[in-house]
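One-based numbering along the sequence shown. Below, all heavy atoms of this structure are taken into account, side chains as well, without hydrogens, waters or symmetry copies.
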Amino acid sequence: MMPAARESLLDAAYTALARRPWSAVRMVDVAAAAGVSRQTLYNEFGSKDGLARALVRREADGYLAGVDRALTAHSDPRERLTATAEWTTSAARENALVRAMLTGCWSERLPSPALSAVPSTSAVPAQRRADGPLPSPGDFVSLVRDRAVTVLAGPGTPKSDTADLARSCELAVRLALSCVAAPPGEGGVTELVRSALQRQAV
């Protein structure tokens, strides 16, 4: 099956989820919305749980791709971390699955696949990846922190400086996640992260 068809099925599942709880989303409707047969849907994802895992994996990848864009959007390291925090809060506000992944709070409306890997018999590489472990909130903190350190440290940065930088990056990520869980008032995440980073070695 073409990757484009897989994407259109995931788009159809995401759209269905925006309209009704996952428990009420039917595979036949997802297939019809994507313009493929139900058999094609099952061939691609294996089951409704397989579809859920693939959807969660895609949204996790989309969030992390946004992190990579934010980290290269500015030349100033503090602005890069601020942009990453802003992206984190806006992605969580606009995408219920990203919010659930970042906070670990899965509402009854959402699919909530196990984060541990599941046995995969799929012949589809993308599905085998989706059947692998899914990131927990703690995993996201590490993933974003490590990506930020890689971008900001550059080659040849002394290890002691990298440790300080990692703490600053983690602080920015954790502040963003706290803003997802409890939205801040005026100034929002931008002011919080900027003022916190002023006191850090970034």
Side-chain angles (χ1 to χ4, degrees), residues 7 10-11 13-14 17-18 22 49-74 77-118 120 126-153 162-184 188-197 200 202:
E7 280 302 304
L10 290 170
D11 288 341
Y14 185 83
L17 179 60
W22 184 249
D49 188 55
L51 176 62
R53 293 187 74 82
L55 188 58
V56 169
R57 167 52 66 192
R58 182 181 77 162
E59 300 312 307
D61 290 345
Y63 164 70
L64 291 170
V67 167
D68 291 338
R69 286 191 301 274
L71 284 169
T72 54
H74 301 276
R78 286 184 187 155
E79 288 306 311
R80 288 178 171 189
L81 288 176
T82 303
T84 302
E86 288 167 344
W87 160 249
T88 296
T89 54
S90 71
R93 192 168 50 244
E94 291 161 20
N95 187 321
L97 285 171
V98 170
R99 182 184 178 87
M101 283 187 276
L102 292 176
T103 61
C105 299
W106 295 81
S107 81
E108 290 172 10
R109 286 189 52 82
L110 299 174
S112 53
L115 296 180
S116 54
V118 296
S120 185
Q127 190 58 37
R128 285 201 300 275
R129 182 166 179 262
D131 289 338
L134 296 170
S136 68
D139 293 334
F140 277 111
V141 171
S142 303
L143 285 164
V144 176
R145 178 199 63 213
D146 294 349
R147 282 166 188 242
V149 169
T150 300
V151 170
L152 299 179
T162 306
D164 286 343
L165 182 59
R167 279 192 291 275
S168 296
C169 292
E170 182 157 337
L171 175 67
V173 178
R174 290 190 179 279
L175 273 174
L177 291 181
S178 74
C179 292
V180 168
V189 68
T190 306
E191 291 309 311
L192 273 175
V193 172
R194 278 189 181 142
S195 59
L197 292 177
Q200 298 289 313
V202 183

task: Report yes if some heavy atom in the side chain of Asp11 is under 4.5 Å from a heavy atom in the side chain of Arg58; otherwise report no.
output: yes
query: Would you find more than 12 non-hydrogen atoms of other residues, nucleotides or ligands less than 6.0 Å from Glu94 atom CD?
result: yes
field: side chain to side chain contact (heavy atoms under 4.5 Å, CB included) between Leu51 and Trp22, intermediate numbers included
entry: CA-CA 11 Å; Leu51 176 62; Trp22 184 249; 3.9 Å; yes
query: Between the main-chain N or O of Gly138 and the side-chain N or O of Ser142, is there a donor-acceptor pair closer than 3.5 Å?
result: yes
message: For a 4.5 angstrom cut-off between non-hydrogen side-chain atoms, does Val67 reach Phe140?
response: no
query: Atom CG in Leu97, atom CZ in Arg57: separation rounded to 0.5 Å?
result: 13.0 Å
Nearest atoms (heavy-atom pairs only) where Ala117 meets Arg53: CA-NH2, 4.0 Å
message: Would you say that Glu79 contacts Arg194 through its side chain, given a criterion of any heavy-atom pair below 4.5 Å between the two side chains?
response: yes
- request: Nearest 0.5 Å please: distance from the OG1 atom of Thr88 over to the CD atom of Glu86.
  value: 10.0 Å
field: Ser136 and Asp139: side chain donor to acceptor below 3.5 Å
entry: yes
task: Flag yes if more than 12 heavy atoms outside Arg174 fall under 6.0 Å of its CZ atom; otherwise flag no.
output: no
Closest approach of Cys169 to Leu81 (non-hydrogen atoms, all atoms of both residues): SG-CD2, 3.9 Å
task: Check the pair Thr103 / Val180 against side chain to side chain contact (heavy atoms under 4.5 Å, CB included), numbers first and verdict last.
output: CA-CA 8 Å; Thr103 61; Val180 168; 3.6 Å; yes
task: With the side chain counted from C-beta on, respond yes when Pro111 and Asp49 share a heavy-atom pair under 4.5 Å apart, and no when they do not.
output: no
message: Rounded to the nearest 0.5 Å, what separates atom CD in Glu59 from atom CE in Met101?
response: 6.0 Å
statement: Between Thr72 and Asp68 the two heavy atoms that sit nearest each other are OG1-O, 3.2 Å
field: Any side-chain heavy-atom pair of Trp87 and Thr82 under 4.5 Å
entry: no
statement: Rounding to 0.5 Å, atoms OG1 (Thr84) and CG (Leu152) come to a distance of 8.0 Å
task: Heavy atoms only: give me the nearest Ala114-Leu134 pair and the separation to one decimal.
output: O-CD1, 3.8 Å
- line: For Gly50 and Gln127 the tightest heavy-atom approach is O-NE2, 3.1 Å
- request: Find out whether Leu175 and Val189 are in side-chain contact, i.e. whether some heavy atom of one side chain is under 4.5 Å from a heavy atom of the other.
  value: no
Heavy-atom side-chain proximity of Val144 to Leu64 below 4.5 angstrom: yes
Chi angles and distances behind the side chain to side chain contact (heavy atoms under 4.5 Å, CB included) call for Asn95, Tyr63: CA-CA 10 Å; Asn95 187 321; Tyr63 164 70; over 6 Å; no
message: Can you give me the closest heavy-atom contact between Pro135 and Ala60, atom names plus distance?
response: CG-CB, 4.2 Å
message: For a 4.5 angstrom cut-off between non-hydrogen side-chain atoms, does Arg99 reach Leu110?
response: no
